[in-house]
Structure formats: structure tokens, C-alpha cells
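This report refers to the structure that appears directly beneath it.
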Amino acid sequence: MKFKTLKGLQDILPPDISLWHHIEATARDIFKNYGYREIRLPIMESTDVFTRSIGETSDIVEKEMYTFEDKGKRSVTLRPEGTASFVRAYVEHHIHNNPAPQKFYYMGPMFRYERPQAFRYRQFYQIGAEAMGVEDAKLDAEIISMLSRLLSTIGLTGLNFEVTSIGCKDCRPDYKKALKDYLGDKLKSFCGDCQRRYDANPLRILDCKVPGCIESRKGSPAVLDHLCEECSSHFDKLKHYLELLKVPHTINPNLVRGLDYYTKTAFEVSSENLGSQSAVAAGGRYDSMVKEFGGPPTPGIGFAMGIERIIPLIKNTIDVSDGPELLICPLGDEATEKGFQLTEQLRSNGLWAEINHEVTSLKSQMRKANRIGAKNVIVLGDDEIKAAQVVIRNMSDKSEVTSTLSIDELVKVIRRV
Ligand code: HAM
């Protein structure tokens with residue numbers, strides 16, 4: 001019987017895995033500079049954690065969650081995103097008792113039952129960051145600046161950084177009314193989902209991907225024109241601080257997020273090279289969520305980036321060739337024994353060393369050295385053992401250096417130090 005990965009899921013193999021390590025290591029470094037600490041959250045939560053926060057009328061909750069009943073008859077869901085789980089943990093562990101801001105990051109798989117296509121998967125990996133407890137727009141600018149620095153340090157260029165404000169519970173009723181007034185006459189031209197959402201949550205109509213709906217909602221009022229005084233002043237401050245920190249960005253009054261928990265600041269980073277799934281990272285403020293989860297009113301802001309969408313953008317610019325620093329090619333039984341011992345000693349000195357386990361002709365051993373990307377090769381025969389001396393051949397520039405069999409000297413020559 002032959003098995004295959006499920007639709008929308010993928011195996012991540014070498015050499016691509018080196019790109020993943022590069023992204024993860026860069027993120028950890030940058031998070032450290034900004035005081036973010038890692039938090040590891042479960043992959044499953046009680047379904048309510050997501051329905052309550054992401055929103056009953058969102059695509060994620062309506063169509064995309066992997067929800068099932070466990071053996072104890074509880075409804076559980078594979079996390080479609082990290083923020084709701086994070087806020088659940090934040091409240092559960094009373095993290096709000098610590099001085100603000102509290103800053104955390106996470107990395108891991110998320111699950112959405114979406115229609116798979118290029119750069120859209122059913123299991124995908126996010127690196128996310130969340131900062132809690134500060135209302136001031138300086139924190140918004142700081143986290144956007146961090147994301148910008150992170151993406152450029154990873155090696156991404158030509159990104160579009162869009163920022164907006166989507167208001168709060170005070171200005172939303174006014175905006176909802178303006179939107180409903182505008183869409184009311186045209187409602188018949190919208191899909192069934194949008195017609196249903198018109199009453200339940202008209203803002204979701206702005207996020208519908210059906211081409212007819214995209215056309216019909218053109219010219220809708222923008223939320224930026226309906227902000228209350230507080231949201232408006234917060235947004236002005238954000239723009240000022242982004243200028244101060246010289247973070248390149250554009251204001252997009254039509255930016256919509258697919259999750260209901262956002263308030264005030266929202267942002268998205270996209271790349272033209274990803275086709276229709278162009279969002280590389282996105283985030284925003286969620287100032288009411290902690291309270292809704294039973295904690296004391298605590299503002300929060302964060303973002304998440306999709307690793308699968310970053311990989312194709314850096315693939316051709318970052319060298320991921322991997323291979324041992326040294327391959328020993330033994331010729332004969334004695335050389336195999338000596339080489340086997342040497343390999344182990346070199347490894348304990350921090351080198352990635354390998355030995356050919358099959359003694360074949362020199363020609364086929366060299367062919368293998370090339371195939372596995374060995375950086376250096378030692379051919380070990382009777383003469384080398386007798387003289388206790390070997391020639392280390394650098395496979396890229398073909399230079400050769402003679403060394404004794406002393407481990408220290410071998411390591412030095414191989415590392416060219
Ligand atoms: P989101 O916009 O749903 O936000 O996802 C963030 C990023 O995850 C997207 O920009 C994209 O790069 C990636 N992504 C989403 N769905 C897929 C998919 N099916 N396949 C591949 N990549 C995907 C959130 O998840 C929020 N929790 C972000 C946040 C954190 N807001 C505040 N804090």
C-alpha cells in the first residue's frame with residue numbers, strides 16, 4: 001500500500017529545511033533584541049477559544065476549522081491561529097500581574113481547512129509575536145518596526161507594508177451603519193454568505209473573496225473616515241512614530257482583516273511575487289480580547305508571519321547547500337579502521353565529518369563526495385597511514401594542503417584557520 005501526505009499538507013525536507021532554520025534563528029535573534037520571550041502553546045484548544053475571539057461569522061470559524069469531538073465528548077479544534085490560544089494562556093496564568101509590556105513569541109503549525117493552492121496550505125507554520133499591556137501607539141510602531149527589521153534581516157526585499165486603523169467598539173456602530181446604507185441597495189448582487197452577513201456582521205462582507213462581491217463592494221465607505229476621536233488620535237500618533245523610526249509603509253484605508261478581534265491598528269505585509277496569496281505577515285491590535293476571555297481589561301497587539309510564504313521569496317538568494325565539512329575516503333581495511341576512529345574524533349571536536357562506509361574505487365568515492373556536497377576530502381590509503389600524513393583537498397577551489405593526522409591540525413586546516 002502506498003501512503004501520501006494529506007491534501008494541503010507537505011513534508012519539509014533538506015535542503016529547504018536550512019531556509020526554515022535561517023528564518024527561525026533570525027526571528028529568535030531579533031525577538032531577543034526587543035525583549036520577546038518564547039511561549040509554547042498547545043496545538044489543540046477547546047473550540048470556544050476560537051469561535052469567541054475570531055468571530056462566528058469569519059471564514060475561519062464558519063468554514064475552515066478542524067473541529068472534532070474527543071473521546072470525552074468535548075469539542076476541540078486544531079488551532080487555526082495563535083493569538084486566541086495566546087490570550088487564553090495569558091489570562092489562565094495571570095501574566096497580566098507582571099509589569100507591562102509583557103512580550104512573547106511563538107512558532108509552530110496552524111491548521112485551516114482552506115482550498116489548497118500555491119502558498120496556501122491546510123497545515124502551515126507561523127512565527128507570531130504578541131505584546132500586552134500598553135495602549136500607547138509607540139508600541140504599535142515598535143512592533144511594526146520589529147517586523148520590518150525581521151523580514152529584511154531574513155533577506156526579503158520589495159515588500160509592501162500597509163497600515164490602517166479599523167476603529168473600536170465606539171466607532172464601529174457608526175461605520176457599520178454607513179456600510180449597511182451603502183450596501184443595502186446592492187445586496188442582491190452579493191453571494192449568499194454576504195447576504196447573511198449583512199445583518200450578522202456587515203464588516204465581513206469586505207473580506208469576501210467571491211469576485212462578484214469584490215466588484216459590488218467597490219466604493220464602500222472607508223472605516224478611516226469614521227474613526228472616533230480616540231482612534232483617530234491613536235492612528236495619527238502611530239503614523240508619527242512610524243515616520244520617526246523611518247519604517248517604510250503606506251496607508252491603505254481598505255485593508256481588512258479576516259479575524260474579528262482587531263481594534264484600532266491593523267497591518268499587512270505583502271509581496272507581489274506570491275500571486276493571489278500575497279500576504280507574508282499580518283497583525284494588529286486587539287484591546288478587548290483579554291477582557292472577553294475573563295481577564296482584566298488589557299490592550300494587546302501582535303502579528304504572525306507565514307513561513308511557507310517566505311521560503312520562495314528567499315530561495316534563490318540564500319545559499320542552502322549543505323554537506324559534510326570533511327569526507328574520508330578509505331582505501332582498504334586498515335584505512336577504514338583508522339578513518340572510522342578519526343571521523344569520530346573529528347566530530348567530538350565540533351566538525352561535521354563522514355566516512356565512506358563502503359570501500360569502492362577512488363573514482364566512485366570522489367563521485368559520491370561531489371553528490372553529497374562534501375567541502376573537503378581526505379583519501380586514506382596505506383601510504384598515508386604509514387607516513388601519518390594526509391592531503392586535504394578543498395572540493396570547491398581544488399586546493400590541497402598536507403596535514404599530519406593530529407586532530408588539532410586537521411581541524412585547523414579544514415576550517416582554514
Ligand atoms: P492571519 O492574517 O490569519 O493572522 O495570518 C497571518 C499570516 O499567516 C498570513 O499573512 C500568511 O502569511 C500566513 N497564512 C495564513 N493562512 C495561511 C495558509 N492557509 N497557508 C499558508 N500561510 C498562511 C493571524 O493568524 C493572526 N493571529 C495574526 C496576529 C497575531 N494578529 C495579532 N497577533
Member of R257, R112, R197, R115 meeting the salt bridge (charged side-chain N to carboxylate O under 4.0 Å, His left out) criterion with D59 | R197

Could you tell me whether K32 and D29 have a side-chain N and a carboxylate O separated by less than 4.0 Å?
-> no

Considering residues at least two apart in sequence or located in another chain, which fulfil the side-chain contact (heavy atoms from CB on, under 4.5 Å) criterion with R371?
-> none

For E81 and I54, which heavy atoms make the closest approach, and how far apart are they?
-> CG-CD1, 3.7 Å

What about Y105 and F31, are their ring centers closer than 6.0 Å?
-> yes

Is the shortest heavy-atom distance from the side chain of Y175 to the side chain of L203 under 4.5 Å?
-> yes

Please report the shortest heavy-atom distance between T26 and H22, naming the atom on each side.
-> OG1-O, 2.6 Å

Above 12 or not: heavy atoms from other molecules or residues under 6.0 Å from NZ of K237?
-> no

Show me, pair by pair, the donor-acceptor contacts under 3.5 angstrom made by side chains of residues 276-283, not counting sequence neighbours?
residue	atom	partner	partner atom	Å
S276	OG	Q117	NE2	3.0
Q277	OE1	R309	NH2	3.3

Residues in salt bridge (Lys or Arg N to Asp or Glu O under 4.0 Å) contact with K180, at least two apart in sequence or another chain | D199

R204 with E56: basic N within carboxylate O range, under 4.0 Å | no

Can you give each donor-acceptor pair under 3.5 Å made by side-chain atoms of residues 9-19, sequence neighbours left out, with the distance rounded to 0.1 Å?
residue	atom	partner	partner atom	Å
D16	OD1	K315	NZ	3.3
D16	OD2	K315	NZ	3.1
S18	OG	P15	O	3.3

The side-chain contact (heavy atoms from CB on, under 4.5 Å) partners of K7 (sequence neighbours excluded) come to P116, R122

Only distances under 3.5 Å count here; give the side-chain donor-acceptor pairs of residues 223-230 to other protein atoms, sequence neighbours excluded, each with its distance to 0.1 Å.
residue	atom	partner	partner atom	Å
H226	ND1	D174	OD2	3.3
E230	OE2	K264	NZ	2.7

Residues that N98 engages under side-chain contact (heavy atoms from CB on, under 4.5 Å), provided they are two or more places apart | I95, Q102

Can you check salt bridge (charged side-chain N to carboxylate O under 4.0 Å, His left out) on K338 and E384, steps first, answer last?
-> CA-CA 11 Å; K338 180 71 189 163; E384 283 78 10; over 6 Å; no

Which pairs pass salt bridge (charged side-chain N to carboxylate O under 4.0 Å, His left out) with one or both residues in residues 86-95, sequence neighbours excluded?
-> E45-R88, R88-E92

Stepwise side-chain hydrogen bond (donor to acceptor under 3.5 Å, both in side chains) test for N356 and K368 | CA-CA 9 Å; N356 269 339; K368 182 169 170 192; 3.1 Å; yes

Please list, one pair per line, the donor and acceptor atoms closer than 3.5 Å that link side chains of residues 205-215 to other protein atoms, with sequence neighbours excluded.
residue	atom	partner	partner atom	Å
D207	OD1	K209	NZ	3.3
K209	NZ	D207	O	3.0
E215	OE1	K218	NZ	3.1

Can you list every pair that meets salt bridge (charged side-chain N to carboxylate O under 4.0 Å, His left out) and has a residue in residues 319-328, with sequence neighbours left out?
-> E325-R415

Flag if over 12 foreign heavy atoms under 6.0 Å of OH, Y34 | yes

R120 meets the salt bridge (Lys or Arg N to Asp or Glu O under 4.0 Å) criterion, sequence neighbours left out, with E114

Results of salt bridge (Lys or Arg N to Asp or Glu O under 4.0 Å) for E400 - residues two or more places apart only = R393

Between A100 and G133, which heavy-atom pair has the shortest distance, and what is it?
-> CB-O, 3.5 Å

Could D181 and K177 be called an ion pair, given the rule that one side-chain N must be under 4.0 Å from one carboxylate O?
-> yes

